[in-house]
There are 4 protein chains.
Amino acid sequence: MSDKKEKIREAAIELFARDGFHETTTDRIAKRAGVAVGTIYNYFGNKRDVLDYIFLTEHSKRQDIHDEVSNVDTHPLDKLEMIIRRHFEEVKENPEMVTVILREGHNVGEKVKELEGLKKFLENIISEGIDSGHFQRIDAAICSSMIFGAIRAIMRDFSEAEESAKETPELFDQALEQLMMILKKGLDDSNNQ
Amino acid sequence: MSDKKEKIREAAIELFARDGFHETTTDRIAKRAGVAVGTIYNYFGNKRDVLDYIFLTEHSKRQDIHDEVSNVDTHPLDKLEMIIRRHFEEVKENPEMVTVILREGHNVGEKVKELEGLKKFLENIISEGIDSGHFQRIDAAICSSMIFGAIRAIMRDFSEAEESAKETPELFDQALEQLMMILKKGLDDSNNQ
Amino acid sequence: MSDKKEKIREAAIELFARDGFHETTTDRIAKRAGVAVGTIYNYFGNKRDVLDYIFLTEHSKRQDIHDEVSNVDTHPLDKLEMIIRRHFEEVKENPEMVTVILREGHNVGEKVKELEGLKKFLENIISEGIDSGHFQRIDAAICSSMIFGAIRAIMRDFSEAEESAKETPELFDQALEQLMMILKKGLDDSNNQ
Amino acid sequence: MSDKKEKIREAAIELFARDGFHETTTDRIAKRAGVAVGTIYNYFGNKRDVLDYIFLTEHSKRQDIHDEVSNVDTHPLDKLEMIIRRHFEEVKENPEMVTVILREGHNVGEKVKELEGLKKFLENIISEGIDSGHFQRIDAAICSSMIFGAIRAIMRDFSEAEESAKETPELFDQALEQLMMILKKGLDDSNNQ
DNA sequence: AATGAATGAGAATTCATTCAT
DNA sequence: TATGAATGAATTCTCATTCAT
């Protein structure tokens, strides 16, 4: 992985996060990355490829998290908690990345669009939970979509919070706690009569 | 409310929904609205004002829904269900509008950004529920944000579904049912020991 | 035919003639035409379309000449002379046009390439001459191609001549005389034993 | 003559012939020549120098032909035929070279432009023919220019013919025959009354 | 009020050339 | 000599906005 390519990726994340994809010019990306415009085009076919690359890089991180978690043998609720917690940790460390992912999803290329990593992972875990009798019979796709939406909302709140607020982000801890509580009661089959 | 202004708003919704704000030119909006480009500028200060206007129009519709619901005297879970149901109904009727709201939120002006209608309504209802002892003690802001996110996710699934799928949208009914089930168990205080 | 479109055509001819198609920027065309760059794109899809339009305009002039001449009932050698003379007259009046036609033929679009007006006209006349027994049996295509080439060479000499020389252009008269003399003897069948 | 320099010349001919001077990038020349871009600049000052070098190389070949022919003691018409035949043979062997010469003449440097080899040779022969009384009194410059133009036209027809057609190129034989027939009758003084 | 031709700043992308290795 | 990553000036084309009619 070239030094310059990484520099460009990082510069693009900062700018896409702050100004959005369309408002960010290749000139500014280059300047912030400390390279010439032409250099961007030595590593990427065009501006949108830079965005795609950001998504792809992020997606493989999520893939790693999922692989790690799915191998653990534990209650599906714990798996959900683990994966969401890990996700939030990533977000805390790369808040700008989240802003980009949230804002620019519709600007990425078709192939990248199909990835939708986290949502699929949640769906897998929920499906397993239903199969193993831990969860009541619900539609895993719809449910995972909603959980995913809830997570996105928290990320959005975080990414829109004041800079000061970001430095003590208990938001994630509180949100995780509340979400898990709701899910625990809401999904658990033993609760059902 | 001028006839032309409304024509422009409708044309813009269709195009913003399909192509996004930045990919839509004022020329195309004008053509689809059946007016000249210059006419757009007789009603709006600039292109972004058209987007703002779309958001504002939508927001006042949501306001009406909320006013209606908040006056009903019933269990807060029922209020939640009513408001979400009404929201989904609106979405079914104006799917393109939703696509615009979801995609272009970050392109609107600062004032419009602050509106965030539905989320505030949810928060009010949840706060009331807590106060009245119907809901357990949770953070209403975080919780409403997550519910709002779950709703957005469903809308997103809907707005990205194939055209054919849109014509028989039981998605909303199922999603509403599942969401309410989870919330019922997850929020209700009587469930708590 | 819009005033501006014509201005742009004329400016482009001058610049393409002097600097060539690729060395001429759209900015300079606009400046010389006294319009804004954007205006070029109100009348033409892209820069190459401007070149195509130059060729097409010229082609229809040649078509007119041909139509006029082919209706005259006279010896095919006279027809050749008439058409070449008329052609040279056009060239004298629009020397820059010729330079463009000679230099930029390979940059025009496919459709325009196929026109090859004058050559076809010559071929028609020669074919007729052969059929009517005035000319000996030669390959009309090859022969017209060579005559066309000879004419181009003269035009090239003219377009490359010093400015001063252009103002007394007997070159064409002399060339026409010599060419006709050679063709008269070279093509005439009565000369053949 | 360095091996690499020759490789670059050959690569450039192929690409200039197919795509034209301006559409050919130095990167592609380098790739096709099997060297690095930088290497081109070890042998040539800039891109245009490569084109100049192609013209110069070709010009010295033409010079050799002329020297050979001009030493033969025979009728000027035979000399014309010999020189044109030899020229066509070269063309058959290096069709791409011809395409380059025809297309890119106006892109070469000033010094190269002045060479105009073949035309000068033709003019010499015609002048000699007039002086020796074999040809009637014509303007040798104009006449050689026209013959040169006719030859170019044939080359152009050849270089634009389908690939298949190029493999059985009787075109040149027919063209040569017809051109010589016309010139024989058209130039010969004995034919004159 | 409505029009739409004209505008020109601005953006993405290209590519000849350089130079450190 | 050879290399090829880096450069950044230059170019084409777009499109929001204006304003004379």
Side-chain angles (χ1 to χ4, degrees), chain A residues 2-5 7-8 21-31 33-50, chain B residues 2-5 7-8 21-31 33-50, chain C residues 2-5 7-8 21-31 33-50, chain D residues 2-5 7-8 21-31 33-50:
Chain A
S2 154
D3 176 41
K4 300 254 156 111
K5 189 169 186 181
K7 284 257 177 59
I8 293 166
F21 179 73
H22 280 102
E23 279 75 12
T24 300
T25 67
T26 49
D27 271 6
R28 280 211 304 275
I29 296 174
K31 188 157 287 175
V35 301
V37 223
T39 303
I40 295 178
Y41 292 86
N42 290 339
Y43 293 98
F44 300 96
N46 53 45
K47 188 181 157 190
R48 220 210 46 206
D49 282 356
V50 179
Chain B
S2 155
D3 175 42
K4 302 232 162 152
K5 188 170 187 181
K7 284 257 176 60
I8 292 166
F21 179 72
H22 280 100
E23 275 73 15
T24 299
T25 65
T26 48
D27 269 12
R28 282 211 303 276
I29 296 174
K31 186 158 286 175
V35 302
V37 224
T39 304
I40 294 178
Y41 290 84
N42 291 336
Y43 292 99
F44 299 95
N46 54 44
K47 187 182 161 190
R48 221 206 47 203
D49 282 356
V50 179
Chain C
S2 154
D3 177 39
K4 301 255 156 111
K5 188 170 187 181
K7 284 258 176 59
I8 293 166
F21 179 73
H22 281 102
E23 279 75 14
T24 301
T25 66
T26 48
D27 270 7
R28 280 212 303 277
I29 297 175
K31 188 157 287 176
V35 299
V37 223
T39 304
I40 295 179
Y41 292 86
N42 289 340
Y43 293 99
F44 300 95
N46 53 45
K47 188 180 156 190
R48 220 209 46 204
D49 281 356
V50 179
Chain D
S2 155
D3 175 42
K4 303 231 161 149
K5 188 169 187 181
K7 284 259 175 58
I8 293 166
F21 178 73
H22 280 100
E23 275 74 15
T24 300
T25 66
T26 48
D27 269 11
R28 281 212 304 276
I29 297 174
K31 186 159 285 176
V35 300
V37 226
T39 304
I40 295 178
Y41 290 83
N42 291 335
Y43 293 99
F44 300 94
N46 53 45
K47 187 182 162 190
R48 221 207 48 204
D49 283 355
V50 179

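Lettering follows sequence order; numbering is per chain, from 1.
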Sorted by position of nearest nucleotide on DNA chain F, 5' first, the leading residue of B:Thr24 and C:Asn46 is C:Asn46
A:His22 NE2 to E:dG10 P, in whole Å, measures 18 Å
Whole angstrom is fine here: how far is it from CG in B:Asn42 over to C1' in E:dG4?
-> 12 Å
Do the non-hydrogen side-chain atoms of B:Val50 and B:Lys47 ever get within less than 4.5 Å of each other?
-> no
Which of the following nucleotides, E:dT17, E:dA11, E:dA2, is nearest to the side chain of A:Thr25?
-> E:dA11
Among E:dA12, F:dT1, F:dC13, the nucleotide that comes nearest once only the side chain of A:Lys47 is considered | E:dA12
C:Lys31 NZ to E:dA9 P, straight-line distance once rounded to whole Å | 10 Å
Of the nucleotides F:dA2, F:dA9, E:dA12, which one has an atom closest to the side chain of A:Val37?
-> F:dA9
Pair assignment for E:dA1, Watson-Crick or G-U wobble, requiring both distances under 3.5 Å = none
Please work out if D:Thr26 contacts a base, only the sugar-phosphate, or nothing of the nucleic acid, heavy-atom cut-off 4.0 Å.
-> base
5′-ward residue of the pair B:Glu23/A:Gly38 relative to DNA chain F = A:Gly38
Which whole-number value in Å describes the distance from B:Arg48 CZ to F:dA16 C1'?
-> 14 Å
If we only count heavy atoms from C-beta on, is the B:His22 to A:Phe21 side-chain gap below 4.5 Å?
-> no
Verify the contact: side-chain N or O of A:Lys4 to OP1 or OP2 of F:dA5, cut-off strictly under 4.0 Å; return yes or no.
-> no
Compare all side-chain heavy atoms of B:Lys4 with those of B:Thr39 and state whether any distance is below 4.5 angstrom.
-> yes
Do D:Tyr41 and D:Thr26 have side chains that get closer than 4.5 Å, going by heavy atoms?
-> yes
Just checking, A:Lys5 and A:Phe44: is the charged tip under 6.0 Å from the six-membered ring centre and within 45° of the axis?
-> yes
Nearest-angstrom distance from the residue atom CG of B:Asp27 to P of F:dC13 = 18 Å
Does E:dT14 have OP1 or OP2 sitting under 4.0 Å from an N or O in the side chain of A:Tyr41?
-> no
Hey, does D:Phe44 reach any base, or is it just sugar-phosphate, or nothing, if we go heavy atoms under 4.0 Å?
-> nothing
Base-pairing mate for F:dC15 - Watson-Crick or G-U, with both contacts under 3.5 Å | E:dG8
Interatomic distance, C:Asp3 CG vs E:dA6 C1' [rounded to whole Å] = 13 Å
Look through every strand shown and name the nucleotide pairing with E:dA20 as Watson-Crick or G-U wobble, where both distances are under 3.5 Å.
-> F:dT3
Counting heavy atoms from C-beta on, name the nucleotide in E:dA6, E:dA1, F:dT1 closest to the side chain of B:Tyr43.
-> E:dA1
Can you tell me how far P of E:dA2 sits from NZ of B:Lys7, to the nearest Å?
-> 11 Å
Separation of D:Ile40 atom CD1 from F:dG4 atom C1', in whole Å?
-> 12 Å
Does a salt bridge link C:Lys31 with C:Asp27, judged by any charged N lying under 4.0 Å from a carboxylate O?
-> no
Nearest-neighbour nucleotide for the D:Thr39 side chain, F:dA6, F:dA2, F:dT12 considered = F:dA2
Quick note, B:Ala36 side chain, CB onward, closest among E:dT17, E:dT3, F:dT17 is E:dT3
